[in-house]
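One structure is given here, and the rest of the page talks about it.
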Amino acid sequence: MAVAYDADAQASGGSVTTLTTASFTIGGANRVGLLGLGFSGAAISARSGSIGGTTGAEVTSTYTDNTFAGSTIFRVTAPPTGSQTGTMSWTTAVDAVLGAITFTGVHQTTPTNGGTAITDFATSASRTVTTTSGDMSFSAGMHDTVSGVPTHTRTLQWNTLLTGAIYGFGATGPGNTSSDIHTYEGAGSDNVSVSGCNLVQ
């Protein structure tokens with residue numbers, strides 16, 4: 001059974017060290033949830049995340065002490081069904097957008113691979129996610145002080161305006177024969193961060 005999108009919910013806040021999404025309904029078999037966090041203002045540490053109370057593990061991330069945009073993805077295998085929320089916490093207050101998203105038809109022993117991340121000062125940032133037919137690719141991140149509404153080359157599940165012109169996003173793409181390119185782009189150069197991974201069927 002190929003990987004399929006299930007549900008998602010978001011939360012955002014300025015100068016925060018934790019976020020909890022709105023409730024969303026999780027269903028289906030062979031479930032895996034991802035937490036995609038885009039943030040701006042500082043590096044973060046002591047990161048933790050959960051969906052429906054089930055603790056996740058970090059898949060990939062990008063941030064440095066001098067970075068004004070960063071991103072990270074956490075994976076939660078077999079989150080509980082029904083109405084749930086996603087939560088992430090960290091040290092150092094930042095502006096942040098959090099999305100929790102769930103998928104069905106995912107391999108329960110090796111649910112993700114191909115983790116990759118980048119932060120750049122540019123109009124856009126791209127990550128090539130290694131994938132295959134039947135899988136599904138995912139990316140999350142942030143564009144700090146972008147001019148206009150940023151766009152994405154894959155299907156945006158959220159593209160949240162946090163404050164001013166800071167956007168956080170989450171996007172899904174199809175499994176291809178070898179790779180899937182996730183590009184998040186705004187008008188004008190500024191800090192942009194993209195983290196990505198592949199969900200294995």
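FYI, the numbering just counts along the sequence from 1.
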Thr91 (side chain) donor-acceptor with Ser45 (main chain) under 3.5 angstrom: yes

Separation between OG1 of Thr17 and CZ of Arg47, rounded to the nearest 0.5 Å: 14.0 Å

Between CG on residue Leu37 and CG on residue Leu19, distance to nearest 0.5 Å: 7.0 Å

Atom pair CD1/CE of Ile44 and Met88 - distance to nearest 0.5 Å: 6.0 Å

Qualifying ring-ring contact (aromatic ring centres under 6.0 Å, His included) pairs with a residue from residues 159-178, counting only residues at least two apart or across chains: His152-Phe169, Phe169-Tyr184

CA sep, side-chain torsions, deciding dist, call: Asn159, Val149, side chain to side chain contact (heavy atoms under 4.5 Å, CB included): CA-CA 9 Å; Asn159 196 26; Val149 180; 3.7 Å; yes

Heavy-atom pair with the smallest gap, counting every atom of Gly70 and Ser193: C-OG, 3.3 Å

Donor-acceptor contact present, side-chain Thr87 to main-chain Gly49, <3.5 Å: no

Sidechain-backbone polar pair: Asp135 side chain, Gln201 backbone, donor-acceptor under 3.5 Å: yes

Distance (rounded to the nearest 0.5 Å) between Ile73 CD1 and Cys197 SG: 4.5 Å

Within-4.5 Å side-chain heavy-atom neighbours: Asn198 and Thr130: no

Tyr63 reachable from Ile166 in the ILVMFWY side-chain graph, under 4.5 Å edges: no

Member of Thr72, Thr116, Thr119, Asp120 meeting the side chain to side chain donor-acceptor pair (under 3.5 Å) criterion with Thr62: Thr119

Check against side chain to side chain contact (heavy atoms under 4.5 Å, CB included), Val16 and Trp90: CA-CA 9 Å; Val16 293; Trp90 55 89; 3.9 Å; yes

Closest heavy-atom pair and its distance - Thr92, Ala42: CG2-CB, 3.7 Å

For Ala100 against Gly86, the heavy-atom pair lying closest together: CB-CA, 4.1 Å

Donor-acceptor contact below 3.5 Å, side chain Asp95 vs main chain Gly41: no

Identified side chain to side chain contact (heavy atoms under 4.5 Å, CB included) counterpart of Arg75 within the set Thr60, Leu35, Val59: Val59

Pair Thr172, Gln157: side-chain N/O donor-acceptor within cut-off below 3.5 Å: yes

Sidechain-backbone polar pair: Thr21 side chain, Ala11 backbone, donor-acceptor under 3.5 Å: no

Distance-minimising heavy-atom pair for Ser15 and Ala93: OG-CB, 3.6 Å

Heavy-atom side-chain contact between Leu161 and Thr163 under 4.5 Å: no

Close side-chain approach of Arg154 to Ser139, heavy-atom, < 4.5 Å: no

Stepwise side chain to side chain contact (heavy atoms under 4.5 Å, CB included) test for Val129 and His182: CA-CA 7 Å; Val129 178; His182 284 242; 4.2 Å; yes

Closest non-hydrogen atom pair, Gly56 against Val76: CA-CG2, 3.7 Å

Nearest-0.5 Å distance that lies between atom CZ in Arg127 and atom OG in Ser179: 12.0 Å

His143 and Asn191, any side-chain heavy atoms less than 4.5 Å apart: no

Verify same cluster id: Val106, Phe74 (apolar side-chain graph, 4.5 Å): no

pair Pro111-Leu199: side-chain heavy atoms closer than 4.5 Å: no

Residue Leu156 excluded, over 12 heavy atoms near CG under 6.0 Å: yes

Single-linkage hydrophobic cluster, 4.5 Å side-chain cutoff, Phe138 and Met142 together: yes

Inter-residue atom distance Ile181.CD1 - Thr153.OG1, 0.5 Å rounding: 7.5 Å

hydrophobic_cluster_shared for Ile118 and Leu34, side chain cutoff 4.5 Å: no

Trp158 side chain reached by Val97 side chain, heavy atoms, under 4.5 Å: yes

Evaluation steps, side chain to side chain contact (heavy atoms under 4.5 Å, CB included), between Val32 and Thr102: CA-CA 6 Å; Val32 163; Thr102 52; over 6 Å; no

Any donor-acceptor N or O pair under 3.5 Å, side chains Thr131, Ser137: no

Side-chain heavy atoms of Phe103 within contact of Ile101, under 4.5 Å: yes

Asp144 side chain reached by Val192 side chain, heavy atoms, under 4.5 Å: no

Same cluster (ILVMFWY, side-chain, under 4.5 Å), Leu98 and Tyr5: no

Got a list of side-chain donor-acceptor pairs under 3.5 Å for residues 24-31, not counting sequence neighbours?
from, atom 1, to, atom 2, distance (Å)
Arg31, NE, Pro79, O, 2.8
Arg31, NH1, Gly28, O, 2.9
Arg31, NH2, Pro79, O, 3.0

Donor-acceptor side-chain pairing of Ser89 and Ser48 below 3.5 angstrom: no

Least distance between heavy atoms, Ala117 atom then Ser195 atom: CB-OG, 3.4 Å

